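Model, not experiment: these values are computed from the prediction.
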Amino acid sequence: MTSRDKIQQIFTDVVRRNPGEAEFHQAVHEVLDSVAPALVKHPEYAEAKIIERICEPERQIIFRVPWEDDRGEVHINRGFRVEFNSALGPYKGGLRFHQSVYLGIVKFLGFEQVFKNALTGMPIGGGKGGSDFDPKGRSDREVMRFCQSFMTELYRHIGEYTDMPAGDIGVGGREIGYLFGQYKRITNRYESGVLTGKGLTYGGAQVRREATGYGAVFFADEMLRAVGDSFDGKRVVVSGSGNVAIYAIEKVHQLGGTVVACSDSSGYVRDDKGIDVELLKELKEVRRARIDAYLTHRPHASFVADRTVWEVPCQVAVPCATQNEIAASDAAALIKGGCAIVVEGANMPTSPEAIRAFAAAGVRFAPGKAANAGGVAASALEMQQNASRDSWTFAYSEQRLREIMRDIHARCHATAEEYGMPGNYAAGANIDGFRRVAEAMLAHGLI
């Protein structure tokens, strides 16, 4: 049986054992599709059934989360924590609060996190969690009660040497604060490192908020440098208008590019003079307004409802919203509009069909497990500061982040070349991350 046949057999078994989890199937297929050359070069991986073991989470935790709203009505949500792989270190990965969350989403995110964390070169394993609770439209007290109930179960499964969650969609500084307060209350321990993304007043780190967006743009900058280019004069489109998108836009502008469009679930705004980042922060971080409110302050801009931002011509695209937001038709629009680079700021925002279209058109594509690793890298830096009771400056923290993203790019680029696929960042990321985890698993024996 060839390596390809063996991998197809493994994937078929993954689908059979995890029915109805389409996002998880997609994430596994995307990685397995790349690692066949590594199995040829390292037959010991196949002998030890490393792939089969990596595809099976070490632990899956599901629990109920009862909470009471401001009217006194009781609600029941479902909580998750999938501790996927600890070969390289304690589980590390965010919590997502969104109505779309179910086990398949959490497993896809956790699987991606294993390789993302490996690519940082830091001693952290991969995990992910969350709930189908949606904090949008809820009062601070409702969010607090939910977070306290959620942590009342989660606390027994986490710890700074076991599993260290962070934020993700729907989990920002407010939610992390409530979660940390409840953890401290229950355990009677001030374990700063158990949660990352904390406020600066109680153990948080500079640049953590900006890290995922900044990191994706640093990776894109390295891709441009690799071909003797830069952001100077580049038209850029960013999807989303949340934390990742805002700071991706900010960094693009600092590096000389111009972000001409961004979006939310209602549509997108186009501003050919460049998206006003400070205005966007005010609308989204303070007022929690819809994106069309941008036009009140920038009347020369335009708003397009219920359409995809990818129809706006650009040279660099940075999807920062959610999974599978770029379909084949969106890829076609980007290619037609002159896009040369796609860098994933979100987790798996590009569909398999779109990835194939980019490859056929010669569009350079960077997968999220490499390009958006800045967030977890900064979380690891936050953990270092917590462990040493230290606090670093913004400039030093940003410098460390840039170095990490430069190293990730270099490893992905070199690995792709080593395996005869120059410029294929997806293959480079998957193979390098897989090798790092596989070597640790071999060293640990059969566990």
Side-chain angles (χ1 to χ4, degrees), residues 61-82 93-103 105-106 109 127-158 163-188 190-192 194-204 208-209 212 240-246 264-266 280-293 321-322 346 375 379:
I61 302 154
I62 304 176
F63 53 96
R64 71 182 180 197
V65 188
W67 60 281
E68 188 178 90
D69 67 20
D70 290 342
R71 302 186 305 275
E73 182 180 349
V74 174
H75 299 262
I76 310 295
N77 285 97
R78 184 171 287 178
F80 304 89
R81 188 67 179 172
V82 174
L95 299 170
R96 175 176 293 192
F97 291 170
H98 191 269
Q99 65 269 24
S100 67
V101 170
Y102 78 108
L103 186 59
I105 291 280
V106 179
L109 292 168
K128 208 75 177 183
S131 174
D132 55 2
F133 169 77
D134 187 357
K136 286 182 181 176
R138 294 293 179 183
S139 71
D140 287 349
R141 287 191 171 275
E142 287 175 326
V143 172
M144 179 184 70
R145 286 193 289 271
F146 173 82
C147 288
Q148 289 173 340
S149 181
F150 184 85
M151 183 56 78
T152 298
E153 173 60 31
L154 184 66
Y155 90 93
R156 67 187 79 245
H157 306 291
I158 64 176
D163 185 353
M164 302 158 296
D168 196 297
I169 293 173
V171 180
R174 174 183 61 174
E175 289 77 14
I176 291 292
Y178 294 149
L179 291 165
F180 183 75
Q182 185 72 351
Y183 181 86
K184 184 170 70 73
R185 179 188 196 182
I186 293 171
T187 63
N188 194 33
Y190 203 106
E191 294 180 2
S192 299
V194 74
L195 284 166
T196 54
K198 301 182 295 296
L200 294 176
T201 58
Y202 64 100
R208 176 60 190 90
R209 179 176 59 177
T212 307
S241 50
N243 179 73
V244 180
I246 286 172
D264 67 11
S265 58
S266 66
L280 193 62
K281 289 180 183 179
E282 170 68 22
L283 294 175
K284 289 297 184 177
E285 296 181 341
V286 179
R287 292 164 50 185
R288 301 180 189 271
R290 305 306 291 166
I291 197 74
D292 60 354
T322 190
S379 285

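Counting only heavy atoms from C-beta outward, the side chains of Val74 and Trp67 never approach each other to under 4.5 Å. Side-chain contact between Leu179 and Leu154: absent, with no pair of heavy atoms (C-beta onward) separated by less than 4.5 Å. Using a 4.5 Å cut-off on side-chain heavy atoms (C-beta onward), Val101 and Ile169 make no contact. Residues Leu280 and Ile246 form a side-chain contact, since some pair of their non-hydrogen atoms from C-beta on lies under 4.5 Å apart. Counting only heavy atoms from C-beta outward, the side chains of Cys147 and Arg174 never approach each other to under 4.5 Å. Between Pro165 and Ile158 there is a side-chain heavy-atom pair separated by less than 4.5 Å. Within the 4.5 Å cutoff, side-chain heavy atoms of Arg287 are placed close to those of Glu282.
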May I have the step-by-step check of side chain to side chain contact (heavy atoms under 4.5 Å, CB included) for Phe133 and Glu175, ending in yes or no? CA-CA 12 Å; Phe133 169 77; Glu175 289 77 14; over 6 Å; no
Step by step, would you call Leu283 with Arg290 a side chain to side chain contact (heavy atoms under 4.5 Å, CB included)? CA-CA 7 Å; Leu283 294 175; Arg290 305 306 291 166; over 6 Å; no
Using the rule given for side chain to side chain contact (heavy atoms under 4.5 Å, CB included), can you reason through Arg96 versus Lys128, listing the C-alpha separation, both sets of side-chain angles and the distance that settles it, and then say yes or no? CA-CA 8 Å; Arg96 175 176 293 192; Lys128 208 75 177 183; 5.7 Å; no
Side chain to side chain contact (heavy atoms under 4.5 Å, CB included) between Val143 and Tyr178, worked out: CA-CA 8 Å; Val143 172; Tyr178 294 149; 4.1 Å; yes
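Here the CE-CG distance, from Met164 to Leu195, works out to 10.5 Å after rounding to the nearest 0.5 Å. With rounding to the nearest 0.5 angstrom, the CG atom of Asp70 is 9.5 Å from the CG atom of Asp140. The distance from atom OG of Ser241 to atom NZ of Lys281, rounded to the nearest 0.5 Å, is 14.0 Å. A distance of 8.0 Å separates CD1 in Ile186 from CZ in Arg156, rounded to the nearest 0.5 Å. One finds the CE atom of Met151 at 11.0 Å from the OH atom of Tyr155 (value rounded to the nearest 0.5 Å). Atom OG1 in Thr196 sits 5.5 Å away from atom CZ in Arg208 (nearest 0.5 Å).
Side-chain atoms of Arg78 and Ser131 include no donor-acceptor pair closer than 3.5 Å. Between the side chains of His98 and Asp132, no donor-acceptor pair of N or O atoms lies under 3.5 Å. Between the side chains of Gln182 and Arg185, at least one donor-acceptor pair of N or O atoms lies under 3.5 Å.
Here the side chain of Glu142 pairs a donor or acceptor atom with the backbone of Ser139 at under 3.5 angstrom. The main-chain N or O of Arg209 is found under 3.5 Å from a side-chain atom of Asn243 such that the two form a donor-acceptor pair. One N or O on the side chain of Lys284 and one on the backbone of Ala289 form a donor-acceptor pair closer than 3.5 Å. A donor-acceptor pair under 3.5 Å is absent between the side-chain atoms of Ser149 and the main chain of Arg145, judged by distance alone. Of the possible polar contacts, one joining the Lys198 side chain to the Ser192 backbone as a donor-acceptor pair under 3.5 Å is found.
Ring orientation note: the planes of Phe146 and Phe97 are nearly perpendicular, at an angle over 60° on the 30°/60° scale.
Taking both residues in full, the closest heavy atoms of Ser379 and Ala166 are given as OG-CB, 4.1 Å, listed atom of the first, atom of the second, then distance. Heavy atoms only, all atoms of each residue included: Gly197 and Ile176 are closest at O-CG2, 3.8 Å. Across Ser266 and Ile291, no two heavy atoms sit closer than the pair OG-CG2, 3.7 Å. Here the closest non-hydrogen pair linking Gly170 and Pro135 is O-CG, 3.4 Å.
Partners of Tyr190 under the ring pair (Phe, Tyr, Trp, His ring centres under 6.0 Å) rule, at least two apart in sequence or in another chain, are Phe180. In this view, Phe80 satisfies the ring pair (Phe, Tyr, Trp, His ring centres under 6.0 Å) rule with no residue, not counting sequence neighbours. Shown here are the ring pair (Phe, Tyr, Trp, His ring centres under 6.0 Å) partners of Phe63, two or more places apart in sequence or in another chain: Phe150.
Among Ile62, Leu103, Ile61, the one residue that satisfies the side chain to side chain contact (heavy atoms under 4.5 Å, CB included) test with Val82 is Leu103.
With respect to Lys136 and Asp134, no salt bridge is recorded, no charged nitrogen being found less than 4.0 Å from a carboxylate O.
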